[in-house]
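Since the structure comes first, as structure tokens, the remarks are kept for the end.
Residue numbers start from 1 in every chain, and the chains themselves are labelled A, B, ... in the order their sequence lines are given, proteins ahead of strands.
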2 protein chains.
Amino acid sequence: MTLTERKRRVLEAIIDSYVATAEPVGSRTIARKYRLGVSPATIRNEMADLEELGYLEQPHTSAGRVPSDKGYRYYVDTLMPMKRLTSEEVERIRAFYRQRYREMETIIQQTARVLSESTDYISVVLGPGLSQTGLRFVQMVPLGTDKAVILTATETGFVGHLTVNLPPMSPEERERVIGVINEGLQGQRLEDLGRGLIRRLYRELSAFRSVVEELLGSLQSSLEGAEEGERVYTGGTTNILNQPEFRDVEKVKMVLGVLEQTRLVHELLGPPRSSEITITIGKEIQIKEMQDCSVVTASYRVAGQPIGRIGVLGPKRMRYARAVAVVEQVARALSEALGPG
Amino acid sequence: MTLTERKRRVLEAIIDSYVATAEPVGSRTIARKYRLGVSPATIRNEMADLEELGYLEQPHTSAGRVPSDKGYRYYVDTLMPMKRLTSEEVERIRAFYRQRYREMETIIQQTARVLSESTDYISVVLGPGLSQTGLRFVQMVPLGTDKAVILTATETGFVGHLTVNLPPMSPEERERVIGVINEGLQGQRLEDLGRGLIRRLYRELSAFRSVVEELLGSLQSSLEGAEEGERVYTGGTTNILNQPEFRDVEKVKMVLGVLEQTRLVHELLGPPRSSEITITIGKEIQIKEMQDCSVVTASYRVAGQPIGRIGVLGPKRMRYARAVAVVEQVARALSEALGPG
DNA sequence: CTTAGCACTCTCCGCCCTAGAGTGCTAAAA
DNA sequence: TTTTAGCACTCTAGGGCGGAGAGTGCTAAG
């Protein structure tokens, strides 16, 4: 199972060359450009072995070799050099977050932007999942005579608002309803909102059953909706058009088509989790339309909690080391930017 | 300048056929499929005339004819039949807005969606420009000890929020600052916020100069930002990949590239204005990368005021009558959905 | 175990050629 | 005067062919 040192170097050389040129790699090329100290014939033998082991593929008999999914997998697991970003690049990423954006949405959009600009791949960012963090603050503010805004703030510092309609009632009634509701809502965690509050509200506001129902209903559905239909942001979608393997419009259509479907993007990036950078290659991706691609993802955190995901999406022939470095750095910078938020 | 009836019918037939097939149209085709009662030879003569007049073009000597920009323009201005949507289609669009979405963002996204799904072109929607409408309501709500949320509602019914940091101060001070500010903000129009309020705040809150400054600064910049960087939503971007004239990836890149630039999209759709549906064809579009496209746009309104724009973007070979009908209908439905909002 | 040599395979590219579509022109018919 | 039939001409798309080039695998020698 474990390859000889020379086989590893040959595999690495092939991947390196293929990633750079998108052309199948021949034994001559390897011998010439990478100083392995052996002749093309020897390399040919090694390549034949590597192909038999499943690390390489041949588009057709007299073409060079191309890495297989398994080849890439071996590369990222054991061959890939740890890449450090230059300090200019780190600085460039930092600079994106230097200006203290006030709105979360802007921060997320900037993140999609910096990711795609730094990698030349497609970037994908999921907004923070709000429902998984507790609510720190809920308050209802009357707005005109027939509406009210419910302000929410999560423990992780995200503020949201939600408009609800109020049924007709007198100003005094309104005052009282809102007062009671606010008392009930104050400082509640979302999970706890249910039973106790509802019972209490019903008791105190039995005349306004419908308000309470609408209110709790929309609060709940908006917070649930915030999870399921969580905003998906993408950047640099046109970058894929620069990749030679996507010169065929049909392939582009498949990939971009997936990105328009929120559900599939969630599946692609996976749930926020604490573990480190994840690399998924070709057929390892469950989504059929994406199996010519690879994706490098990471979670970002607030207060130590992973609450969202970012990633870059490119051809399998991806500059993995660089992608990993960028995604890692951006995830860190984003977490910091949201931290004191 | 004005064409003979027969020339008009020939032009219409050519556009009809070309829109349907994307193939240059020959005289035989016209004679066969459109009953003009004359022979191909006659039609050839008419076509030669129409070409000389600039309504048609010839890709090469022995191909059929293709409508020129001028040809399309003539078509949409004077030839195009008024198309009514079927009642199923109208219903389909209505259905999108039936469920009373609470959040403006959702409504806008649905709009982009229904537009692209109903036309099979790319849809573009600009969020409502907030700064052009007055503020009806501004209120500051404290959030924890060091932050506050400013709630805003425009006269047109859009609610927004904005987080600001507060400098350290005692609870009593905070209470007082927020009280004074709220009194000052209450019911203000944005334009009036300037002078009077600032002077008053300075007087009453001279000790908290920095709060006031930060607050007004961020309020202002957020509302201005809301205009300039106004959200751009697109839908069905992959639809363009189905168009035969965009089988070349380079062309796709140009078009999609423009859509990633907020500024250019604003230029493409133009400012909200009261006039009706606008059709812009090929070179009439100022943006170089878009000159193989046409765009059909309209404004949507709240309380009679045009506050935002929607549109569909497709190849010049567009089903104009249908696009116009859909855009019109969606603009109306969107306006209604926002109306009582 | 490595390497040189060599025959073999396969694709890519340019070339030629034909078929087909469509035109414009001319001259006859209406 | 307008329309139409006929015809020569033009241009493209697509198929077939052949050679160049890249790369392989095998064999036999170092």
Salt-bridged, [X] to [Y], with N to O below 4.0 Å?
X	Y	value
B:K253	B:E250	yes
B:E245	B:K316	no
A:R73	A:D77	yes

Answer with yes or no whether the side chains of A:D49 and A:Y55 bring together a donor and an acceptor at under 3.5 Å. no

5'-most to 3'-most nt of DNA chain C touching chain A (<4.0 Å, heavy-atom partner on protein side) reads C:dT2 to C:dT11

Determine whether B:V252 and A:L241 make a side-chain contact, defined as any pair of heavy atoms from C-beta on separated by less than 4.5 Å. yes

Return the orientation label for the A:Y75 and A:Y320 ring planes: parallel under 30°, perpendicular over 60°, tilted otherwise. tilted

In whole angstrom, give the distance that lies between atom CZ of B:R28 and atom P of D:dT4.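 Interatomic distance, CZ of B:R28 to P of D:dT4: 15 Å.
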
Separation of D:dT12 atom P from B:E23 atom CD, nearest Å, is 15 Å

Describe the nucleic acid contact of B:A63 in one word from base, sugar-phosphate, nothing, applying a heavy-atom distance below 4.0 Å.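 Sugar-phosphate contact only - B:A63 comes under 4.0 Å of backbone atoms but never of a base.
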
Residue pair B:S62/B:R44 against DNA chain D: nearer the 5' end by closest nucleotide is B:R44

